Amino acid sequence: MRILVTGGAGFIGSAVVRHIVNHTEHSVCNVDKLTYAGNLESLASVSDNERYCFHRVDICDRAALDAVFLEFRPDAIMHLAAESHVDRSIEGPAAFIETNIVGTYTLLEVARGYWSQLNDSAKDAFRFHHVSTDEVYGDLHGITDLFTETTPYAPSSPYSASKASSDHLVRAWARTYGLPTLITNCSNNYGPYHFPEKLIPLIILNALRGKALPVYGKGDQVRDWLYVEDHARALCNVLVSGKVGETYNIGGHNEKKNIDVVKKLCSILDELRPLDTVNLDARAVMRESGLDGKNYRELISHVKDRPGHDQRYAIDATKIERELGWTPDETFESGIRKTVQWYLDNPSWVARVESGEYQSWLNKQYGKGTL
Ligand code: NAD
Ligand code: DAU
């Protein structure tokens, strides 16, 4: 297959591109605008492969997309390009409306125009796979309820509302025009190459520097964590074997309270990078702030809660497990340890993504004094 991946320089998109190049025979064309969240360094291991190519294109730019479709002639689209950070959507929703809604609409129109010109067998085989989130379902308040594929949509944030809108557009293009679509809704991902604005990499990197670990509110909100490479494998499975027009929920059966995730990261770091013998610089920073500097947990700082903060997400992944035979390889224990080790081993990737723009986001979001 010739697969056009949008957002392939992002956290999940780059895992998908690496998976396709390393574990399949398919060709992949990465279409990415390279916003602050897009990093070609995440693709260094595959960028010379002859089955990989890259075009720097904004998915809102119809003419540029038309040209890429004409040149690459895809058999399938995997659409991951998006603005993805909830806190940024609260601070400035415009980019989320533009990329997640208008961009998805533009991509759907370009795909529809291209698909309608294909011969009948190519038309049947074509797939438009839209990669979405469990946040479209809103949040759960009981402790046993799960999101299924038929849970009603009830998004809470500008981000999740924009993703919900894009899901509705994809379903409308399938029903009205017959475009062969697939939708997946996944829970929180974690793993290598995760941009450090998100909880897990932010906590790892702040801890290593002896900086405060910001926990919103009480930290009792629950997220359902999935290792990113398990998600990439699930997406490829759905693309190849999923039933046209269907939705599949993807999740890792790893529900954790935020505070427990932060404490777990602290204890892994205590073991792998002890403050009193290896990370003396961080201990010195902690001591300057009046802390003992004996363990990373001392850095936990409860800060102002996220407005409209969703309480709990939890995915029922029975459908994809039963119909497509996908299950995650990583437990939370194994995946989180690999993730911490990856950040310890890749300081140069971290240094490159922490641009000036990212520093100004940190100052705006958390205040100069806190971090
Ligand atoms: P990310 O923010 O790490 O990456 C997004 C990528 O999209 C970046 O490479 C960025 O440059 C690119 N992009 C942004 N605007 C663009 C535009 N207008 N044109 C072209 N490219 C553009 O995001 P992620 O965490 O990798 O998420 C990927 C997709 O998966 C998103 O659609 C997100 O909603 C969805 N998702 C994410 C998670 C998660 O936990 N991260 C979970 C479920 C679903
Ligand atoms: O559920 C899937 C979604 O998961 C994806 O659709 C989003 O793109 C992705 O960003 C993620 O959204 P979250 O808002 O759940 O992820 P984030 O890492 O921003 O936050 C995880 C939890 O940790 C959330 O409850 C907020 C909390 N948090 C986050 C940050 C950045 C903190 O307590 N402190 C922080 O500094």
Side-chain angles (χ1 to χ4, degrees), residues 5-16 30-40 42-43 55-61 64-65 78-90 95-96 98-100 102-104 106-107 130-137 139 147 156-157 159-160 162-163 166 184-191 193-203 206 212-226 228 231 235 250-251 256-259 261-262 300-306 309-315 353 362 365-366 370-371:
V5 172
T6 70
F11 167 48
I12 302 171
S14 68
V16 168
N30 173 16
V31 168
D32 197 298
K33 179 182 175 182
L34 298 183
T35 66
Y36 77 93
N39 297 289
L40 292 178
S42 308
L43 293 163
H55 291 277
R56 186 172 193 178
V57 164
D58 183 336
I59 56 161
C60 300
D61 182 343
L65 279 180
M78 295 176 88
H79 175 34
L80 293 99
E83 289 292 336
S84 69
H85 191 33
V86 173
D87 294 322
R88 285 187 191 250
S89 83
I90 295 167
F96 289 73
E98 195 59 24
T99 287
N100 300 359
V102 179
T104 300
T106 309
L107 186 67
H130 177 59
V131 177
S132 192
T133 169
D134 60 356
E135 297 199 13
V136 298
Y137 301 124
D139 59 356
F147 294 134
S156 319
S157 71
Y159 162 69
S160 54
S162 69
K163 290 296 290 187
S166 65
T184 48
N185 296 85
C186 188
S187 61
N188 283 62
N189 284 216
Y190 69 101
Y193 304 101
H194 203 181
F195 194 84
E197 65 190 350
K198 307 282 168 64
L199 180 72
I200 288 181
L202 180 85
I203 295 298
N206 276 14
L213 309 181
V215 173
Y216 296 162
K218 291 189 194 140
D220 60 356
Q221 300 80 12
V222 173
R223 296 292 181 266
D224 181 358
W225 295 97
L226 179 67
V228 66
H231 187 196
L235 293 176
I250 307 173
K256 307 277 174 213
K257 284 187 185 160
N258 292 338
I259 188 70
V261 170
V262 173
I300 292 175
S301 163
H302 289 269
V303 299
K304 192 159 110 4
D305 210 347
R306 173 184 280 174
H309 200 168
D310 282 337
Q311 182 58 32
R312 173 172 169 260
Y313 304 145
I315 282 276
V353 303
L362 287 180
Q365 175 69 1
Y366 300 100
T370 328
L371 297 177

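Keep in mind that this is a model prediction, so the values were computed, not measured. When a ligand or atom number is given, it counts from 1 through the structure's own listing order.
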Review point. Can you find a non-hydrogen atom of H309 under 4.0 Å from ligand 2?
Key: yes
Practice item. Give the residue and atom name of whichever protein heavy atom lies nearest to atom 5 (C) of ligand 2, and the separation in Å to one decimal. Key: Y159 OH, 3.6 Å
Review point. Which ligand 2 atoms does L202 reach within 4.0 Å, using its non-hydrogen atoms?
Key: 36 (O)
Check your understanding: Polar-atom distance check: Y366 versus ligand 2, any N or O pair below 3.5 Å?
Key -> yes
Exercise for review: Please determine if R223 forms a cation-pi arrangement with Y190, meaning its NZ or CZ atom is less than 6.0 Å from the six-membered ring centre and no more than 45° off the ring axis.
Suggested key: no
Check your understanding: Is it true that the side chains of D87 and Y216 contain a donor and an acceptor less than 3.5 Å apart?
Key -> yes
Review point. Which of the numbered atoms in ligand 1 are below 4.0 angstrom from a heavy atom of K33?
Key: 16 (C), 17 (C), 18 (N), 19 (N), 20 (C), 21 (N), 22 (C)
Revision key, fill the gap. Numbered in order shown, the ligand 1 atoms found under 4.0 Å of a heavy atom of N188 are 40 (O)
Review point. Is ligand 2 less than 4.0 angstrom away from at least one heavy atom of E197?
Key: yes
**Study point:** N or O contact, G10 vs ligand 1, cut-off under 3.5 Å
**Key:** yes
Check your understanding: Which ligand 2 atoms does H85 reach within 4.0 Å, using its non-hydrogen atoms?
Key -> 19 (O)
Review point. Evaluating non-hydrogen atoms only, which member of V222, L199, T133 is closest to atom 18 (O) of ligand 2?
Key: L199
Point to revise | Contact check: P214 vs ligand 2, nitrogen or oxygen atoms, below 3.5 angstrom | key: yes
**Study point:** Option set P196, S84, A37, S187, criterion heavy-atom distance to atom 7 (C) of ligand 2, minimum
**Key:** S84
Exercise for review: Quick one: look at F96 and ligand 1, take heavy-atom pairs under 4.0 Å, and tell me if it's side chain, backbone, both or neither.
Suggested key: neither
Revision key, fill the gap. Note: ligand 1 atoms sitting under 4.0 Å from heavy atoms of L80 are 28 (C), 29 (C), 31 (C), 32 (O)
Practice item. Would you indicate which of T35, L65, L107, T133 comes nearest to atom 10 (C) of ligand 1 when only heavy atoms are counted? Key: T35
